[in-house]
Every structure is written in structure tokens, then in C-alpha cells.
Amino acid sequence: MKLLVPKLVEGILSVSFFLLALTSLSIAQQPVFGPPVNLGPRINTASHELDPFLTADGKKLFFSDGADIWFSEWLNNNWTQAVRLAPQINYGIHYQVSPSVSPDGQKLYYVDASRDGYYWDIWVSIWDSSTNNWGTAQHLDYPINTAGVEFSARIGPDGRKLYFSTSYCCDSLYPDGRCGFYVSEWNGSSWSLPEFLGGGQCEVSQYPSVTADLQELYYHQYVSDGGSIFVNCWEQSTWGPQIDLRPQLGGRTATPFITSTGDSLFFSACNDFPGFGGCDIWLATRMLSGDLNLDSQLTAADVVLELNKVFLEESYPAPPAAGEMTCDGNFTPADVVVLLLRVFGNIKSSTMLGD
């Protein structure tokens, strides 16, 4: 295998400085996902399937058909035939969308377009063990819901933080209005004043979904030719740059849900993906970042491929994003350093590349 020599000197100083700076820091690494897989005909139909949400135990997948909320269970290594939720949730006046369930399985949060005089607000239903069903939906009052639009709500992996998108003019608490992603926290008896989360863009970004360590924020955003899923990584005190996952996923996508560990990305996709008609729900599984030769481990061979990519723009067998180690969407000497640290960080030897 060729070891880079040309142009290496150009980057050696910047690499050295990065190495000194990064050895004591936890660096966010760009997520890499394998080819998406369709969830099959027990979930997907000729209609539209959107808004996927996997429960914390991995046993139930909730989603919307754009009008009602459904769920399917994982049994015997397959999804069961999807079932529409009862009239407590789906009561014949559309739309009920954006379902999510608390980690303990006791609360179902969702968005209703028009119910009891409220428009595009967030609701919650509590599981009733006496009837073995969801209870009557309850409206989440101000300051979560406003006279504006509250949409794409997701309860977080901790079960306490509620993430949602909103567009609201103004009042005494929000004199400048609020628009974009917000988060409110349950203190045991009430919800906190929603705070601006950042990430995405006002009115064009929806469906915020975060990993349990709060290091990655996924969402979909409308762009010139449709929609795409983006991710921002947390960088010390703010969200890093937007990274468009369309090159990884293979086309226009929407309504993402990332599992708490960041290992699985559920999403919906329509025209760019073959399916059962309309929009289907798909799953992309995370790959090992830095595994550029696809041998399922990080070795010196991956470092060599990374060096050649960064300084000579050569390709490697893995998806391009596998080598973008610093979650900024660009190939720089910093990517080399992060991979070096991952491969050799626990080796106290001056010989790094070996034979």
C-alpha cells in the first residue's frame, strides 16, 4: 500500500498543532450510515408512511400516514402488521402526526392539527393499564403551545426534555417571537419555558431528534429541490456546521429519528427511493467511522488511506463520509489527526505506522 510522501510536509505543522490541541479533547466525529433498508410491507403501503419513532426498548415503531398514527411491533425478527391507534388519538378529524413515546412507555406525545379548538399543537396521552390502552389526549398548555404553530414534537431520550419546532409571533415572554427548534424540560410537575435549541433554520427545518449524549442533532430541512436530512454535531459550546446526509442516504429524505445511541437512523423517503408507493419508512445503520478499507476495524492501513485522501485526493473503498472524522463535512489535516488518535491513542510508541 502506498504511503503518502508528496505534500505531507505542507500539512505537518498544522497536523502537529491539531494533535497537541486534540489529545485532551473529545472530538465529535461525523456519523456514517450504510445503505438504507426499506422496513417492508407490514409498515409501508401504497399510501404515505412518515414520522417514524422507535421506542426505547426497540420493540415498537410508531409512525404516521400523514393523517393518523399507527404502530408496529418487532416480533420474531420482523415487524408485525401495523395497527392504527384507537379513537382516543385518531378520532376521524385529521391530522394526527409526529408521534413519540417516553422511555418508560407511559406517555405518547404527538401533534394534532385541529382538536377542541386548538390548531397545530402538541398533545400527550398517558397509558392506562386498567384498559390496556392509551388514555384521552391532553393538551399541553402555554408556554409549550401558543397561538402559533407547534410541530414535529419529539420527547428526548431522557424522557424529560421535549424537542419541537415552532413559529410564533410574540408576547411578554417572547417579545421577539420564537421560530425554529425549542426544548422544554419537565421538572416533575410542569414544563419549563421553552428555550431556543439552535441548529437548523427558522421555518424550513423540522423534526429535531437528538442522541442521548446530546452530541448530534438530526432534522430535515427544505431545500431548493425538495427535502434532505441534516446533522449538526455539538462543538464545545455550540452546534457545528450543517452536514447534508443526502450523499450518504442516496436521495431526498425527511422526518428523521435517531436512536439514543446514534446507531440507527429511521426516516421517510418518497420519489428518490424504490418502495411500495407514496413515501416509505427506511432504516440506515451506522458504520464505523474511519474504517476506510471496510475491514470492520481501525488500523494503520486506514491511516494511510486517510493521508492519501486528505493530501492527494485519492479515493478509498468506504463511503466518503467515513473519513470526515471531525464532523465539519470537509477533508482537512484534522481528520488525519483524529484517526491517528483513534488508532494509536493508547500506544506509547514512537513507531506509529509499523512495517
Side-chain angles (χ1 to χ4, degrees), residues 50-56 62-71 85-91 93-127 134-171 173-174 177-200 202-203 205-210 217-220 254-258:
L50 312 160
D51 308 355
F53 182 93
L54 186 70
T55 54
F62 287 78
F63 61 94
S64 168
D65 63 4
D68 292 329
I69 294 174
W70 299 66
F71 78 97
L85 294 190
Q88 302 96 299
I89 308 299
N90 301 315
Y91 61 104
I93 300 178
H94 302 316
Y95 300 93
Q96 290 77 50
V97 296
S98 188
S100 63
V101 177
S102 58
D104 61 6
Q106 297 301 298
K107 295 180 180 179
L108 168 68
Y109 297 87
Y110 69 98
V111 171
D112 201 312
S114 175
R115 184 172 189 149
D116 298 343
Y118 298 104
Y119 300 97
W120 291 114
D121 277 356
I122 303 169
W123 295 69
V124 62
S125 174
I126 299 175
W127 183 257
W134 294 106
T136 302
Q138 303 171 27
H139 182 257
L140 296 186
D141 294 328
Y142 185 87
I144 289 182
N145 289 316
T146 67
V149 171
E150 280 69 49
F151 195 67
S152 55
R154 291 274 175 77
I155 190 66
D158 62 2
R160 300 192 309 273
K161 296 183 180 68
L162 183 67
Y163 301 85
F164 59 97
S165 57
T166 181
S167 178
Y168 173 58
C169 174
C170 42
D171 60 23
L173 291 180
Y174 296 98
R178 68 185 198 192
C179 188
F181 295 148
Y182 277 72
V183 56
S184 177
E185 186 166 3
W186 179 254
N187 64 13
S189 60
S190 62
W191 291 100
S192 66
L193 185 69
E195 296 182 357
F196 183 60
L197 178 65
C202 174
E203 294 187 331
S205 301
Q206 297 179 350
Y207 286 89
S209 183
V210 298
L217 167 65
Y218 295 77
Y219 52 93
H220 86 232
T255 64
F257 168 72
I258 190 71

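The structure displayed is predicted, hence computed values, not measured ones.
Screening Tyr207, Tyr119, Tyr219, Phe164 against Phe151 for a ring-ring contact (aromatic ring centres under 6.0 Å, His included) leaves a single residue, Tyr207.
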Go through the steps to decide whether Leu108 and Leu85 satisfy the test side chain to side chain contact (heavy atoms under 4.5 Å, CB included), and finish with yes or no. CA-CA 11 Å; Leu108 168 68; Leu85 294 190; 3.6 Å; yes
Passes side chain to side chain contact (heavy atoms under 4.5 Å, CB included), Ile93 versus Arg115? Steps please. CA-CA 8 Å; Ile93 300 178; Arg115 184 172 189 149; over 6 Å; no
Test side chain to side chain contact (heavy atoms under 4.5 Å, CB included) applied to His139 and Asn145, step by step: CA-CA 8 Å; His139 182 257; Asn145 289 316; 3.3 Å; yes
Given side chain to side chain contact (heavy atoms under 4.5 Å, CB included), test Tyr142 with Asp171 step by step and report yes or no. CA-CA 11 Å; Tyr142 185 87; Asp171 60 23; 2.5 Å; yes
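Within the 4.5 Å cutoff, the side chain of Ser165 has heavy atoms near those of the Phe181 side chain. Between Leu217 and Tyr163, every side-chain heavy-atom pair lies at or beyond the 4.5 Å cut-off. Taking 4.5 Å as the limit, every side-chain heavy atom of Asp121 sits out of range of all side-chain heavy atoms of Leu140. Contact of the Leu162 side chain with the Trp186 side chain is not registered, since no non-hydrogen atoms from C-beta on lie closer than 4.5 Å. Proximity of Tyr118 to Asp112: side-chain heavy atoms (C-beta onward) are nowhere separated by under 4.5 Å. Put simply, the side chain of Ser152 does not reach to within 4.5 Å of the side chain of Val111, judged on heavy atoms. Side-chain contact between Trp123 and Ile89 is absent, with no heavy-atom pair separated by less than 4.5 Å.
Residue-environment remark: OH (Tyr95) stays at or below the threshold of 12 foreign heavy atoms within 6.0 Å. Atom CD of Glu195 sits in a sparse spot, with 12 or fewer heavy atoms from other residues, nucleotides or ligands closer than 6.0 Å.
A distance-only check finds no donor-acceptor pair linking the side chain of Thr166 to the backbone of Glu150 [under 3.5 Å]. Distance alone, capped at 3.5 Å, places no donor-acceptor pair between the Gln106 side chain and the Ser102 backbone.
Considering all non-hydrogen atoms of both residues, Gly135 and Ser125 come closest at O-OG, 2.6 Å. Across every non-hydrogen atom of Tyr110 and Ala137, the tightest pair is OH-CB, 3.1 Å. Of all the heavy atoms in Val101 and Thr55, the pair that sits closest is CB-CG2, 4.1 Å. Across every non-hydrogen atom of Ala153 and Ser100, the tightest pair is O-OG, 4.0 Å. When all heavy atoms are compared, the tightest approach of Gln96 to Ser64 is O-OG, 3.4 Å. The heavy-atom pair separating Pro103 from Asp158 by the smallest distance is CG-C, 4.1 Å.
Aromatic ring orientation, Tyr174 versus Tyr182: perpendicular (interplanar angle above 60°, classes split at 30° and 60°). Between Phe257 and Phe53, the two ring planes are tilted [angle within 30° to 60°].
Side chain to side chain, Thr136 and Gln88 fail the donor-acceptor criterion of an N or O pair below 3.5 Å. Judged purely by distance below 3.5 Å, without hydrogens or angles, the side chains of Glu203 and Ser167 pair a donor atom with an acceptor atom.
In this structure, Cys202 SG and Arg178 CZ are separated by 12.0 Å, a value rounded to the nearest 0.5 Å. A distance of 8.0 Å separates CG of Asn90 from CG of Asp65, quoted to the nearest 0.5 Å.
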